[in-house]
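Remarks on the structure that follows.
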2 protein chains.
Amino acid sequence: MTAVSEPLSKARLRVWLKLLKTSNGIEAEIRRNLRDRHNTTLPRFDVMSALARFPEGLKMSDLSTYLKVSNGNVTGIVDKLTEEGMAQRVAVPGDKRAQVARLTEKGKTEFENLASHHENWIDTLLDGLSLEDLETLSDTLERVLAQSTEKERADA
Amino acid sequence: MTAVSEPLSKARLRVWLKLLKTSNGIEAEIRRNLRDRHNTTLPRFDVMSALARFPEGLKMSDLSTYLKVSNGNVTGIVDKLTEEGMAQRVAVPGDKRAQVARLTEKGKTEFENLASHHENWIDTLLDGLSLEDLETLSDTLERVLAQSTEKERADA
DNA sequence: TGGTAATATTTTAAGTTTGAAATTTTAGAC
DNA sequence: GTCTAAAATTTCAAACTTAAAATATTACCA
């Protein structure tokens, strides 16, 4: 570490800690709202959100990759959603190993309700940011994202 | 929701998802590095980091509040660090209920080593951000933080 | 066709985290 | 002084997550 680059690396560290604090703070608020107001959890919401984005359904393994959680974890969450009639498993024609998870009509309705509230929570939490702020922030994050996903590939 | 504010709330939602993805990506990289290169975990690093910031030690409950994890969780992590000689519990004079956790010399040395690597990882991950980027990002996050900590107080 | 490797998922065991109960000690009211 | 409420910590049970083993099926090559 050179004397010149030192302040920059300290500044980066401080910003990372602030970014983490912000992200954790928002996530905690969402978890609280989901638990207290809708009697559900973030992992369940995440799965429903992924399934809503792919109406034709997602293979269990694709769901796991998409959400970056383990296969076993997805199995458990989809099990619960299925018990409650929110999701269903559909056999994949021509491959008896695979199953596709998809939302039921009930699940779709429930998710749309949750998603609408979720959008409002975020809207309130990011109240202070203008369109211009959002664009700048988005660009900045994009650059960081590029770096960290590059790292990810190198580690794998 | 009015027609005019609708695009703004969608933009906020997209930015939140990107912020979350960025934060999770960096955190995952840090966890990987701690595990693969230093045989430790993020929660342990967080506790050591908090104790390093307060050389005189922190009460278990203060540690819990500071890190925003449960009391029981802190007990377990400090137990392990103590077993390994990284931390120690010190009785608080005048209050037999309370104990202060602090780093041992060994723990301090170990943390300084970890922290130095950690700073380098962050430095690399935030490579693409100039001092100006960092300042703008910091200001933006500050505004969001103000909002979410306000929410937090309202919920509690 | 047979056999081996690869793929998809579930099951299992171990480790984390939490919230609440239990334990011990302190503070304050009367 | 005694009693009760509050405070600090630990213990405990339940929920969640992961990595790896187990199971079932498919793909491919020889």
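Order of the sequence lines sets the chain letters (A, B, ...), proteins ahead of strands, with each chain counted from 1. Any value given below was found using the heavy atoms of this structure, including those in side chains, with hydrogens, waters and symmetry copies removed.
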*Would you mind reading off the distance between B:Asn73 atom CG and D:dA8 atom P, rounded to a whole angstrom?*
19 Å
*Run the salt-bridge test on B:Arg102 and B:Glu56 with the 4.0 Å N-O cut-off and return the result as yes or no.*
no
*asked:* Which residues in residues 59-71 of chain A have a heavy atom closer than 4.0 Å to any atom of DNA chain C?
replied: A:Lys59, A:Met60, A:Ser61, A:Asn71
*Nearest-nucleotide 5' precedence on DNA chain D, A:Lys80 against A:Lys96*: A:Lys80
*5'-most contact on DNA chain C: A:Arg35 or A:Val92, nearest heavy atom basis?*
A:Val92
*Counting N and O atoms only, with roles assigned by atom type, does the side chain of B:Ser138 sit under 3.5 Å from a partner on the main chain of B:Leu134, one being a donor and the other an acceptor?*
no
*Protein-nucleotide distance (B:Gln99, atom CD; C:dT24, atom P), rounded to Å*: 14 Å
*Test for a donor-acceptor pair under 3.5 Å between the base of D:dT9 and the side chain of B:Arg97, counting only N and O atoms.*
no
*Side chain of A:Thr65, backbone of A:Ser61: donor and acceptor closer than 3.5 Å?*
yes
*Nearest-Å distance for atom pair CG/P, residues B:Asp79 and D:dC12*: 13 Å
*Look at all strands and tell whether A:Arg89 reaches a base, only sugar-phosphate, or nothing, counting heavy atoms closer than 4.0 Å.*
sugar-phosphate
*Using the six-membered ring wherever Trp is involved, compare the ring planes of B:His117 and B:His38 and label them parallel, tilted or perpendicular (cut-offs 30° and 60°).*
tilted
*Taking for each residue the nucleotide of DNA chain D with the nearest heavy atom, is it A:Arg31 or A:Asp95 whose nucleotide lies nearer the 5' end?*
A:Arg31
*Salt-bridged, B:Lys106 to B:Glu84, with N to O below 4.0 Å?*
no
_Which label fits A:Phe45 and A:His118: parallel for a plane angle under 30°, tilted from 30 to 60°, or perpendicular past 60°?_
tilted
*Figure out the CD1/C1' separation between B:Ile77 and D:dT9, and round it to whole Å.*
15 Å
*Whole-Å distance between C:dT16 P and B:Leu42 CG?*
12 Å
